Protein chains: 2
Amino acid sequence: MDTEKYTGILRENGMKVTPQRLEVLRFLDENRIHPTADDIYRTLKKDNPSLSKTTVYNVLDILSKYGLVEVLTISGTESRYDYGSTRHQHFLCTSCGRIVDIHIKGLCMDCMPEKGHKVEEVHGYFKGTCRDCLKGIGG
Amino acid sequence: MDTEKYTGILRENGMKVTPQRLEVLRFLDENRIHPTADDIYRTLKKDNPSLSKTTVYNVLDILSKYGLVEVLTISGTESRYDYGSTRHQHFLCTSCGRIVDIHIKGLCMDCMPEKGHKVEEVHGYFKGTCRDCLKGIGG
DNA sequence: TATTACATTGTAATCATTACAGATTAGGTA
DNA sequence: TACCTAATCTGTAATGATTACAATGTAATA
């Protein structure tokens, strides 16, 4: 178990190290599925029955404040959490509901609007039907 | 009052015409501020005290199903509704919270990911600090 | 090990949205 | 015009994600 890996990540970013933070971070790192807070909570609670959902929200909150996770509001009612530093875009399948990572070269990250606004983040996402659903595999 | 304008829009799109739909559509057309459902509800209730918030949600739902309004989930907890057919992107000011329309030529709408997914919608949005806040006008 | 500020937990509150059932109405027809 | 019927509107209650809060526990430092 890569406890040291995640301990290092937390320390390097100036966060206190706790078992709950290690577990959430590890889950996000090993499961790049843009989970909801509840997904994380239900999974981690199996091996850690005393885990509180509030703690999951607290940990996700601090991780996003420190820039380690990105909060996605692509699918409406609930937030999804994305760990990983490589810049990528998201594709929401309107058939099965999955969010697929896509890497697009050529998306003009540098075409900033010249209106005097200071752009700090660029987000892009796509909606449609994913490959699996088109093949009749998905929902 | 452009009642006929909005009556026509509803009829042309195959929707039944009701006073509530006319009012919501007019509000969205005349106030391009990406309002929340509650913004719309509170404003319209002044001149129409019997208006129900459920009706506002129902109207927004049917308008979006018929493609007349776009639902934005850019700012997290609540949906915002955007009326207007011209393709544009959105800029969320993290200082004052406003969503500003921006028109970017050169944003590669056509750089589709070549992974077999069928893309039906392309969304892009930017976050940062808007011009007014940079000048010290905004919050 | 003692201290202290911060983190975790569980419950209760909040807030946007949806479900539902009864009253009302738009749009077509006699 | 008056009527009919399905669709719409209304108000209340339920849902579900997220947050507030107070009590307990613990990580990091001396």
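Here the structure is a predicted model, which is why all the values come from computation and not from measurement. Letters go in sequence order (proteins before strands), and every chain restarts at 1.
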- Message: Is the shortest side-chain heavy-atom distance between L10(A) and K16(A) below 4.5 Å?
- Response: no
- If we only count heavy atoms from C-beta on, is the T73(A) to T77(B) side-chain gap below 4.5 Å? no
- Query: Taking CG from L10(A) and P from dC6(C), how many angstroms apart are they, rounded to a whole number?
  - Reply: 17 Å
- Query: Do the non-hydrogen side-chain atoms of L68(B) and M15(B) ever get within less than 4.5 Å of each other?
  - Reply: yes
Tabulate protein N/O versus nucleotide N/O from nucleotides 18-21 of chain C, keeping only pairs under 3.5 Å, one per line.
residue : atom : partner : partner atom : Å
dA19(C) : N6   : T54(B)  : OG1          : 3.3

- Task: Name all residues meeting the side chain to side chain donor-acceptor pair (under 3.5 Å) criterion together with D82(B); count only those two or more places apart in sequence or in a different chain, and write none if there are none.
- Result: H88(B), H90(B)
- Message: Base, sugar-phosphate or nothing for T36(B)? Non-hydrogen atoms, less than 4.0 Å.
- Response: nothing
- Note, R11(A) side chain near T7(A) side chain (heavy atom, < 4.5 Å): yes
- Query: Can you tell if the side chain of L60(B) reaches within under 4.5 Å of the side chain of I40(B), non-hydrogen atoms only?
  - Reply: yes
- Task: Check the distance between dA7(C)'s P and E23(A)'s CD and give it to me in whole angstrom.
- Result: 18 Å
- Task: Starting at atom CG of L60(B), determine the distance to atom C1' of dA16(C), rounded to an integer number of angstrom.
- Result: 13 Å
- Message: With a strict under 4.0 Å distance from non-hydrogen atoms of chain B, what nucleotide opens and what nucleotide closes the contacted stretch of DNA chain D, reading 5' to 3'?
- Response: dA7(D) to dT12(D)
- Task: Check whether any side-chain N or O of S50(A) sits under 4.0 Å from OP1 or OP2 of dT9(C), and answer yes or no.
- Result: yes
- Message: Need to verify one output field. Residue with the more 5' nearest nucleotide on DNA chain C, N48(A) or R80(B)?
- Response: N48(A)
- Note on the structure: Heavy-atom closest pair (S52(A) atom, Y41(A) atom, distance to 0.1 Å) is C-CE1, 3.7 Å
- Answer yes or no: is there a donor N or O on one side and an acceptor on the other, between the side chain of R80(A) and the main chain of H34(A), under 3.5 Å? yes
- Calculate the interatomic distance between L63(A) atom CG and dT8(C) atom C1'; express it in whole Å. 15 Å
- Identify, with sequence neighbours excluded, every residue that meets side-chain contact (heavy atoms from CB on, under 4.5 Å) alongside K5(A). D2(A), I9(A), D29(A)
- Give a yes or no on whether the backbone of T36(B) and the side-chain of D39(B) come within a donor-acceptor separation of less than 3.5 Å. yes
- Item | First encountered from the 5' end of DNA chain C, between Y81(B) and T55(A) | T55(A)
- Query: Along nucleotides 24-30 of chain C, 5' to 3', which nucleotides get a B, which get an S, and which get a -, given that the test is a protein heavy-atom distance under 4.0 Å?
  - Reply: --SS---
- Message: How many whole angstroms separate atom CG of L51(A) from atom C1' of dT8(C)?
- Response: 9 Å
- Message: So, does S79(B) get its side chain near the phosphate of dT17(C), meaning an N or O under 4.0 Å from OP1 or OP2?
- Response: yes
- Item | Under the salt bridge (charged side-chain N to carboxylate O under 4.0 Å, His left out) test, residues paired with E12(B) that sit two or more places apart | none
